[in-house]
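In what follows, chains carry the letters A, B, and so on, assigned in the order in which the sequence lines appear, proteins first and then strands, with residues in each chain numbered from 1. Since we're looking at a predicted model, the values are computed, not measured.
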There are 2 protein chains.
Amino acid sequence: MKPLTIGRLSRAANVKVTTIRYYETIGLMGTPDRSASGQRLYGMVDVERLSFIRHARELGFSIDAIKDLIRLQTAPDQDCSAVDSIAQQQLVEVQKRLAQLEALERELKRMIENCRGGEIDGCQVMAAINNHAECESEKHERLKPL
Amino acid sequence: MKPLTIGRLSRAANVKVTTIRYYETIGLMGTPDRSASGQRLYGMVDVERLSFIRHARELGFSIDAIKDLIRLQTAPDQDCSAVDSIAQQQLVEVQKRLAQLEALERELKRMIENCRGGEIDGCQVMAAINNHAECESEKHERLKPL
DNA sequence: ATACAGTCTACAGTCACTATAGAGGCAAGC
DNA sequence: GCTTGCCTCTATAGTGACTGTAGACTGTAT
Ligand SMILES: [Zn+2]
Ligand SMILES: [Zn+2]
Ligand SMILES: [Zn+2]
Ligand SMILES: [Zn+2]
């Protein structure tokens, strides 16, 4: 039951030290106890909480959504519909993004397949980027970083 | 052949005014002529260049990749393999991202389907986020913003 | 005792923009 | 000429979710 330093917590939950400190500043992790010399000290609760956060991030939940999930965790006898709707919303986001990326994949493939090489002047890839008209069938939505 | 103000260019290429000025500061659009009173003045060349940039962004190319593409455009008798490989690389990125998101979709669906409602304490969605072990088959990669 | 890894704070940088503030410019209607 | 109302200008800060750096201190192993 020895407390863990931030580095040990980092290895236990597989989250970088700097990220843990960042999570503290934004209130996602609480403010830990400190040793006499000022080092942060953590327990198993923190390992679990940080692992939960990590997995939620891997599933694409935003920090704000994770804050909500953690709040809900502390009221364990409430109905879980709030939790489920956060997950449901996340699924919808993922599916939207999937549709976007599938359209992108089709368009890039078509561009690349059409190019027969040669001078840049006649490159079909370049032409396809230039001609928005050619791909009007697929209207692009605002694209977040890939 | 009247020059366009930034607002007209904005409507012509469907790119926001602030974004055009931003593209200028990062050297993606050149520095335009100015009117006597200091307003930016653009021509058809700029409409085409900005439309090209817009479509490339919609296809997910990074600003740096677009800079490369524009550099290549100015050497139109070179072989287009450099262009094609930028597009090919982009396709690879899109496909990586697709695979990630498909894994995410599967996992979220499974979580949501398993939950039969009730108290948060027994919520399968919560449990699934908590138990990294349950989904070890799908190892998550570093996830960029959805 | 010394070396070296870990920890501390505070702040700047990333990407591709978006938003805001405050000042000055331009065309149309009266 | 004057007012109205939008357009444009610069400069700066904010977004999300971190990452990187500088410079100082601490803890541990040999
Ligand atoms: Zn080509
Ligand atoms: Zn297109
Ligand atoms: Zn549930
Ligand atoms: Zn998982």
Side-chain angles (χ1 to χ4, degrees), chain A residues 2-29 31-42 46 50 53-70 90 93 97 140-146, chain B residues 2-29 31-42 46 50 53-70 90 93 97 140-146:
Chain A
K2 271 185 189 171
L4 307 169
T5 63
I6 198 168
R8 288 182 193 289
L9 173 61
S10 168
R11 283 185 291 277
N14 198 7
V15 173
K16 290 191 188 154
V17 167
T18 45
T19 305
I20 297 172
R21 285 197 280 250
Y22 168 69
Y23 285 164
E24 190 183 325
T25 69
I26 62 170
L28 189 52
M29 290 291 284
T31 60
D33 292 342
R34 301 280 186 139
S35 75
S37 63
Q39 293 191 206
R40 291 167 177 82
L41 297 176
Y42 299 95
D46 302 298
L50 190 51
I53 293 168
R54 191 196 164 211
H55 196 199
R57 286 294 299 130
E58 285 170 342
L59 288 166
F61 289 99
S62 72
I63 299 276
D64 275 356
I66 298 173
K67 280 185 185 174
D68 288 344
L69 287 173
I70 288 177
Q90 181 62 13
E93 294 298 323
R97 199 87 178 85
H140 309 288
E141 277 172 52
R142 191 88 182 80
L143 196 59
K144 284 175 220 166
L146 270 192
Chain B
K2 275 186 187 170
L4 307 170
T5 62
I6 197 169
R8 290 181 192 289
L9 174 61
S10 169
R11 283 186 292 277
N14 198 6
V15 173
K16 290 191 186 151
V17 168
T18 45
T19 306
I20 298 172
R21 285 197 280 250
Y22 168 68
Y23 285 164
E24 190 183 326
T25 69
I26 61 170
L28 188 51
M29 290 291 283
T31 61
D33 290 344
R34 300 281 184 138
S35 74
S37 64
Q39 293 191 206
R40 291 167 177 82
L41 298 176
Y42 298 95
D46 301 298
L50 189 52
I53 292 169
R54 191 193 165 212
H55 196 199
R57 287 292 301 129
E58 285 170 342
L59 289 166
F61 290 97
S62 72
I63 299 277
D64 274 356
I66 297 173
K67 280 186 185 173
D68 287 345
L69 287 173
I70 288 176
Q90 181 62 15
E93 293 299 324
R97 200 83 179 87
H140 310 287
E141 278 173 51
R142 191 87 184 80
L143 195 60
K144 285 174 220 165
L146 270 193

Leading and trailing nucleotides of DNA chain C with any atom under 4.0 Å from heavy atoms of chain B:
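Answer, 5' to 3': C:dA16 to C:dC26.
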Closest heavy-atom pair and its distance - B:L146, A:Q90
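That closest heavy-atom pairing would be CD1-NE2, 3.2 Å.
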Pick the closest DNA chain C nucleotide for B:R57 and for A:S37 by heavy atoms, then say which residue is nearer the 5' end.
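Counting from the 5' end, the first nearest nucleotide belongs to A:S37.
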Nearest heavy atom decides the nucleotide; on that basis, is A:R8 or B:D64 closer to the 5' end of DNA chain C?
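By nearest-heavy-atom nucleotide position, the 5'-most residue is A:R8.
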Contacting residues from residues 9-28 of chain A, given that a heavy atom lies under 4.0 angstrom of DNA chain C:
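DNA chain C contact set from residues 9-28 of chain A: A:R21.
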Quick one: CD1 on A:I66 to NE2 on A:H55, what's the gap to the nearest 0.5 Å?
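With rounding to 0.5 Å, CD1 (A:I66) is 11.0 Å from NE2 (A:H55).
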For A:E24, what residues pass the side-chain hydrogen bond (donor to acceptor under 3.5 Å, both in side chains) criterion, not counting sequence neighbours?
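Residues passing side-chain hydrogen bond (donor to acceptor under 3.5 Å, both in side chains) with A:E24: A:R40.
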The criterion is side-chain hydrogen bond (donor to acceptor under 3.5 Å, both in side chains); which residues satisfy it with A:Q39, sequence neighbours excluded?
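Residues passing side-chain hydrogen bond (donor to acceptor under 3.5 Å, both in side chains) with A:Q39: none at all.
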Categorize A:S35 for me: base, sugar-phosphate, or nothing, with a 4.0 angstrom heavy-atom threshold over every strand shown.
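Since no nucleic acid heavy atom lies under 4.0 Å of A:S35, the category is nothing.
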Tell me, please, the opening and closing nucleotides of DNA chain D, 5' to 3', among those with an atom under 4.0 angstrom from a non-hydrogen atom of chain A.
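The protein-touched segment is D:dA17 to D:dG27.
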Could you check if a side-chain atom of A:Y42 sits within less than 4.5 angstrom of a side-chain atom of A:L50, using non-hydrogen atoms only?
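Result no, sub-4.5 Å side-chain heavy-atom pair not found.
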Step by step, would you call B:K144 with A:K144 a side chain to side chain contact (heavy atoms under 4.5 Å, CB included)?
CA-CA 9 Å; B:K144 285 174 220 165; A:K144 284 175 220 166; over 6 Å; no
Go through the steps to decide whether A:I26 and A:I63 satisfy the test side chain to side chain contact (heavy atoms under 4.5 Å, CB included), and finish with yes or no.
CA-CA 9 Å; A:I26 62 170; A:I63 299 276; 3.7 Å; yes
Please lay out, stage by stage, how B:L143 and A:E58 fare under the test side chain to side chain contact (heavy atoms under 4.5 Å, CB included).
CA-CA 6 Å; B:L143 195 60; A:E58 285 170 342; 5.9 Å; no
Out of A:I20, A:L28, A:V15, which residue meets the side-chain contact (heavy atoms from CB on, under 4.5 Å) rule with A:I53?
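The single option meeting the side-chain contact (heavy atoms from CB on, under 4.5 Å) with A:I53 is A:L28.
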Whichever of B:R34 and B:R142 has its nearest DNA chain D nucleotide further upstream toward 5':
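It is B:R34 whose nearest nucleotide is closer to the 5' end.
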Sequence neighbours excluded - side chain to side chain donor-acceptor pair (under 3.5 Å) pairs with any residue from residues 10-22 of chain A
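For residues 10-22 of chain A: none.
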